[in-house]
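In what follows, a single structure is set out as structure tokens and then discussed.
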Amino acid sequence: MGVINYAAERHLLTVARGHPYERDAFAGLFEGLEEFDVCHVEQPAAQRLMSPDAARDYDALVCYDMPGVDFTRGGPEAGLVQPDAAFRENYLAMLEAGVGIVFMHHALAAWPAWPQFAEIIGGRFHYRSSELRGRSWPDSGYRHGVTHTVSTVGAHPVLEGVPEQFEMTDELYLCPVFEADVQPLLRSDYSFTAEHFYSAARAVAGDMYSREGWSHSAGCGLVGWVTSWGSSPIVYLQGGDDAQALGNPHFKRLVHNAVRWVSSEDGRRWARQRQNVKGE
């Protein structure tokens, strides 16, 4: 994809909350991105910035958030919050405008009541049984503190300077990923089968680390990929659950590379070309 020329003065918006996170460790993840002025905002206030007009002040977004999931709700719609029409319209317009986004970790569970969001990010983590692409899925699986080996897949600017294999201790997910529709970046050697994960729905109900009565089809082991929507290049990195994971130097390098790539003209050009091929 050639050499990328980065501007000397850039602006990055980082978005978090909707899920507990370690603020100091998350802030430390962006140390060393010297060419970026970093602004941090939490949900739900961040939703006001998800439009082409508001986001034009930023060269890229990093989303470490989980909007659209509310465990305080009762009844049959517990946990599901539908974004209103104005938000959806603004969000899609922001992507058409070419604002690059790096999604991290639990962002894969965001907006479960908005089917199009799963298409944007490349998959979905389910906290409850749901339908996705016409298929019924059980709640997804999680496993904390997994020490696994991550292997890079192919060549890409996001992988620059990252070893072909590195070890990381982190939380992993067992959930649907649209592997055929994304460009793989990272694959884990962990066994992505139900007996190695726990039920997310049981955890929400207060029964942590349980898989009683739960089953899930095998996963693909993909833990990082590139995709796009409209003119916006998109990177998803499954890592980053806690301070140990956020402090992993190879993961930090991946995040920095991803921010630089999604904010580059090369990244936006790739997204536009992909959009033309897909006929969006």
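Between F166 and H250, the ring planes lie tilted relative to each other; the angle falls in the 30° to 60° range.
Checking each of Y142, F192, Y173, Y209 against F197 for a ring-ring contact (aromatic ring centres under 6.0 Å, His included) leaves exactly one that passes, namely F192. Applying ring-ring contact (aromatic ring centres under 6.0 Å, His included) to F103 and the options W225, Y236, F117 leaves one that passes, F117.
Ring to ring, Y190 and H196 are close: their centroids are under 6.0 angstrom apart. Separation of the Y64 and F26 ring centroids falls under the 6.0 Å cut-off.
For the pair V262 and P233, the tightest heavy-atom approach, listed with the atom from each and the gap, is O-CG, 3.4 Å. The two atoms that bring P176 and H216 nearest to each other are CD-NE2, 4.3 Å, heavy atoms only. Considering all non-hydrogen atoms of both residues, M50 and N90 come closest at O-CB, 3.4 Å. The two atoms that bring A194 and R211 nearest to each other are O-NE, 3.5 Å, heavy atoms only. Closest of all the heavy-atom pairs between F30 and V38 is CB-CG2, 4.4 Å.
Looking at W137 and S129, their side chains never come closer than 4.5 Å, going by heavy atoms from C-beta outward.
Seen from the ring of F178, R133 counts as a face-on cation partner, given the 6.0 Å and 45° thresholds.
Ion pairing between a basic and an acidic side chain is recognised when a charged N comes within 4.0 Å of a carboxylate O; R187 and E179 show such pairing. Salt bridge R23/E42: present, at least one basic N to carboxylate O contact under 4.0 Å. We find that R272 and E265 are joined by a salt bridge, their nearest charged nitrogen and carboxylate oxygen being less than 4.0 Å apart.
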